[in-house]
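Note sheet for the following structure.
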Amino acid sequence: NAGVTQTPKFQVLKTGQSMTLQCAQDMNHNSMYWYRQDPGMGLRLIYYSASEGTTDKGEVPNGYNVSRLNKREFSLRLESAAPSQTSVYFCASSGHRATNEKLFFGSGTQLSVL
Amino acid sequence: EDKVVQSPLSLVVHEGDTVTLNCSYEVTNFRSLLWYKQEKKAPTFLFMLTSSGIEKKSGRLSSILDKKELFSILNITATQTGDSAIYLCAVRGGSNYKLTFGKGTLLTVNP
């Protein structure tokens, strides 16, 4: 019973490099999310996907792109990494955005951009 | 803009103490308030509250919501070192049912 699986767990990039964070859930959830967490800032929403085939911007989308590949998978791409994107990234999923359902989180990706 | 404010931002107590964590919010079209506990990795769900005045309880933890005054509290009685964590409050609302998180309260329980 894996829940939400994120890869990689750690990554170090140089400024300007690109990478994709992968996320998959096995709970048949409709909605998926990408958050970033910085010290003293709580969790801030980058992008979300209310259902397969749709994606929308959150609070801090600049510098990121997403793909909802299918119902299970939601990836986050950094096209040209910047030091300001050093953070811990969490993927999450929930049953349906419009209902009062809790989010289930992956274990996070610690990203450092040098 | 939706806003969730938690206080205090950090708190240090001794084992056995009782603590109260606060969460106030300004959210349009309020639907629910959620509490999460975050230790080293992913946040884990504690409570979801939708109705005013109804206490949710799980062991030594309890939470209550006041929709009139727009706040919630999370109480932890007889604290243990294992309660040391960041406690996050999140509120779902808005036209797109967005979940907005507060900055969290870092609780440290010393033996």
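A note on names: the letters A, B, ... follow the listed sequences, proteins ahead of strands, and every chain is numbered from 1.
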Exercise. Do A:Leu13 and A:Val60 sit in the same hydrophobic cluster, where Ile, Leu, Val, Met, Phe, Trp and Tyr count as joined when their side-chain heavy atoms come under 4.5 Å apart?
Worked result: yes

Seminar exercise, completed: Honestly, the part of B:Leu34 sitting under 4.5 Å from a heavy atom of chain A is side chain

Problem set entry | Joint cluster assignment, B:Ile73 & B:Leu61, ILVMFWY side-chain distance < 4.5 Å | no

Problem set entry | Transitive ILVMFWY side-chain link A:Tyr48 to A:Leu76, under 4.5 Å | no

Problem set entry | Considering all heavy atoms, the nearest A:Leu103-B:Arg92 contact | CD1-NH2, 3.5 Å

Problem set entry | For A:Phe90 against B:Gln38, the heavy-atom pair lying closest together | CZ-NE2, 3.4 Å

Problem set entry | Other residues, nucleotides, ligands: >12 heavy atoms within 6.0 Å of A:Gln17 CD | yes

For this session: Hey, could you give me the CZ/OH distance between A:Phe105 and B:Tyr36, rounded to the nearest 0.5 Å?
Result: 5.0 Å

Problem set entry | Side-chain heavy atoms of A:Ser94 within contact of B:Leu99, under 4.5 Å | no

For this session: Using a cut-off of under 4.5 Å on heavy-atom pairs, state which of B:Lys103, B:Lys40, B:Lys41 scores highest against chain A.
Result: B:Lys103

For this session: Would you kindly confirm whether A:Leu45 and A:Leu21 end up in one hydrophobic cluster when ILVMFWY residues are joined by side chain heavy atoms under 4.5 Å apart?
Result: no

Problem set entry | Over all atoms of both residues, closest heavy-atom pair of B:Ala42 and A:Gly106 | CB-O, 2.8 Å

Problem set entry | Residue A:Gln37 versus chain B: region with a heavy atom under 4.5 Å | side chain

For this session: Examine B:Ile86 and B:Leu21 and state if one hydrophobic cluster contains both, with Ile, Leu, Val, Met, Phe, Trp and Tyr joined whenever side-chain heavy atoms are less than 4.5 Å apart.
Result: no

Problem set entry | NZ/B:Lys67: more than 12 non-hydrogen atoms of other groups inside 6.0 Å | yes

Exercise. Rounded to the nearest 0.5 Å, what separation is found between the CG atom of A:Leu43 and the OG1 atom of B:Thr100?
Worked result: 11.0 Å

For this session: Calculate, to the nearest 0.5 Å, the distance between atoms CZ and CD belonging to B:Phe101 and A:Glu59 respectively.
Result: 10.0 Å

